[in-house]
Amino acid sequence: MWRRVVSASHFTFAHKSIANNKDVCKLKFWEAFTTEIPLKEKGTFQRDKTPFITFVLGGPGSGKGTQCMKIVENFGFTHLSAGDLLRREIASNSADGTMILNTIKEGKIVPSELTIRLIQKEMESSDNYKFLIDGFPRSEENRIAFEQIMGVEPDIVLFFDCPEDEMVKRVLNRNQGRVDDNIVTIKKRLKVFDALNLPVVKYYMEKGKLYKIKAVGTVDEIYKQVYPVFASLNFEQVRE
Ligand SMILES: Nc1ncnc2c1ncn2[C@@H]1O[C@H](COP(=O)(O)OP(=O)(O)OP(=O)(O)O)[C@@H](O)[C@H]1O
Ligand SMILES: Nc1ccn([C@H]2C[C@H](O)[C@@H](COP(=O)(O)O)O2)c(=O)n1
Ligand SMILES: [Mg+2]
């Protein structure tokens, strides 16, 4: 029996080759960073399953983060919110912090490579294989860059479809001290969502990967639509 093993040092090395080697780019992300070894020769960091990736899309305040918490509880996913990862960069005073902060204040989108690097780092250091990637891809450019860099596509895509007035109401009531939770930025974010994020939704709908959730009602009412999506999947069977 064989098991696929991932190592962080191998990842760093392979990441450099990926940037310079078109052939390696054609490999799936997980294949490029893993080696087949017999089960007995286990390394320190093991992953015997390829990742199951769910992209979670929806406008600002549509309830992505709220529903992700419930999916994590019930189905054991690791939740990676692109917005949270970017806010963590700002808080850690990283070199890109000021640029990220200004971009978020303007309701615009941070360069894809930066956001993908943060997501990639979290995926690589996780020993889970089920990921909810929340708030990503925000644009076709995000989507294409993810596919090129990671060499994988999402298995499924959730889209929380919520009326604008409800999204605005929720964001303005959020009270988490976010710099973008104000009426000026929310209007800009809604414009960016329509112009850049909806084409991504359309792309996945046409690919047959999209689960559209009517994101009105209580949190539990909305989750009643989400639960069956995951309950119908047998991850162990799909991934082993
Ligand atoms: N069904 C709901 N009814 C009322 N309020 C809700 C509902 N779902 C979430 N909320 C609240 O609305 C706010 C926005 O929800 P959440 O943070 O989950 O949205 P989001 O899609 O992640 O937004 P963003 O893209 O801005 O991060 C939060 O304060 C949350 O508690
Ligand atoms: N793929 C992404 C995700 C998020 N951002 C920036 C711009 C968003 O307005 C902000 C907050 O994200 P949220 O927490 O609402 O998902 O983060 C981005 O540039 N690219
Ligand atoms: Mg959120």
Side-chain angles (χ1 to χ4, degrees), residues 53-73 79-91 96-120 122 131-147 149-150 154 157-201 213-227:
I53 297 174
T54 300
F55 282 161
V56 183
L57 306 181
S62 58
K64 301 180 293 297
T66 304
Q67 295 293 324
C68 280
M69 285 197 284
K70 295 181 81 72
I71 302 166
V72 167
E73 273 169 33
H79 176 209
L80 302 178
S81 155
D84 286 349
L85 294 175
L86 292 167
R87 283 184 284 275
R88 198 171 75 186
E89 283 296 289
I90 298 170
D96 299 312
T98 307
M99 181 275 287
I100 298 171
L101 177 62
N102 291 333
T103 308
I104 287 181
K105 275 186 188 163
E106 279 304 307
K108 292 184 180 162
I109 297 177
V110 170
S112 300
E113 286 69 23
L114 201 165
T115 312
I116 293 165
R117 177 165 48 79
L118 299 176
I119 294 171
Q120 191 177 39
E122 293 300 309
F131 297 98
L132 293 172
I133 305 187
D134 162 4
F136 187 95
R138 277 291 221 279
S139 63
E140 279 288 275
E141 202 239 309
N142 263 187
R143 177 185 70 72
I144 293 163
F146 184 90
E147 282 175 15
I149 294 170
M150 308 286 274
V157 179
L158 292 186
F159 169 50
F160 290 95
D161 189 21
C162 191
E164 272 197 19
D165 56 348
E166 178 65 19
M167 291 196 275
V168 172
K169 201 169 74 186
R170 288 183 194 171
V171 166
L172 294 179
N173 285 333
R174 183 154 43 188
N175 267 332
Q176 288 175 0
R178 279 177 52 165
V179 291
D180 52 351
D181 281 356
N182 60 76
I183 192 64
V184 175
T185 310
I186 181 82
K187 282 189 175 161
K188 291 180 182 168
R189 295 176 70 202
L190 285 167
K191 275 193 186 148
V192 168
F193 171 71
D194 283 350
L196 301 182
N197 206 192
L198 286 180
V200 179
V201 171
I213 307 293
K214 213 165 165 282
V216 281
T218 66
V219 170
D220 286 344
E221 280 166 357
I222 296 165
Y223 190 62
K224 273 189 189 146
Q225 299 169 67
V226 174
Y227 182 89

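We count ligands from 1, going down the list as the structure has it; atoms in each ligand are counted the same way. Computed from heavy atoms alone, side chains included, the values below leave out hydrogens, waters and symmetry copies. Computed from a predicted structure; not experimentally measured. One is the number of the first residue; the rest follow in order along the sequence.
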(message) My understanding is that only residues two or more places apart in sequence, or in another chain, count here; which of them pass side-chain hydrogen bond (donor to acceptor under 3.5 Å, both in side chains) with Arg138?
(response) none
(request) Answer yes or no: is there an ion pair linking Glu140 with Arg143, defined by an N-O contact shorter than 4.0 Å? (result) yes
(message) More than 12 heavy atoms of other residues, nucleotides or ligands under 6.0 Å from OH of Tyr227: yes or no?
(response) no
(request) Quick one: closest heavy-atom pair of Glu141 and Ser112, and the distance? (result) OE2-OG, 3.1 Å
(request) Identify which one of Val226, Val216, Thr66 satisfies the side chain to side chain contact (heavy atoms under 4.5 Å, CB included) criterion when paired with Phe160. (result) Val226
(request) Please assess Val56 against Gln67 for the test side-chain contact (heavy atoms from CB on, under 4.5 Å), listing each intermediate value before the final yes or no. (result) CA-CA 10 Å; Val56 183; Gln67 295 293 324; over 6 Å; no
(request) Would you name the heavy atoms of Ser62 and Met167 that are closest together and state the gap between them? (result) CB-SD, 4.0 Å
(request) Check Asp181 against Val171 and note the closest heavy-atom contact, atom names and distance. (result) OD1-CG1, 3.1 Å
Between the protein and ligand 2, are there any N or O atom pairs that come within less than 3.5 Å of each other, and if so, what are their names and distances?
residue  : atom   : partner : partner atom : Å
ligand 2 : 1 (N)  : Gly135  : O            : 3.1
ligand 2 : 1 (N)  : Asn142  : OD1          : 3.1
ligand 2 : 9 (O)  : Arg189  : NE           : 3.3
ligand 2 : 12 (O) : Arg138  : NH2          : 3.1
ligand 2 : 14 (O) : Arg87   : NH1          : 3.2
ligand 2 : 14 (O) : Arg87   : NH2          : 2.9
ligand 2 : 14 (O) : Arg178  : NH1          : 3.3
ligand 2 : 14 (O) : Arg178  : NH2          : 3.4
ligand 2 : 15 (O) : Arg138  : NH2          : 3.1
ligand 2 : 15 (O) : Arg178  : NH2          : 3.0
ligand 2 : 15 (O) : Arg189  : NH2          : 2.6
ligand 2 : 16 (O) : Arg138  : NH1          : 3.1
ligand 2 : 16 (O) : Arg138  : NH2          : 3.2
ligand 2 : 19 (O) : Val110  : N            : 2.7

(request) Below 4.0 Å from any atom of ligand 1, which residues have a heavy atom? Give them in chain and number order, please. (result) Gly59, Pro60, Gly61, Ser62, Gly63, Lys64, Gly65, Thr66, Arg170, Arg174, Arg178, Arg189, Gly217, Thr218, Val219, Ile222
(request) Go through the structure and list residues passing side chain to side chain contact (heavy atoms under 4.5 Å, CB included) with Leu101, not counting sequence neighbours. (result) Ile90, Lys105, Val179
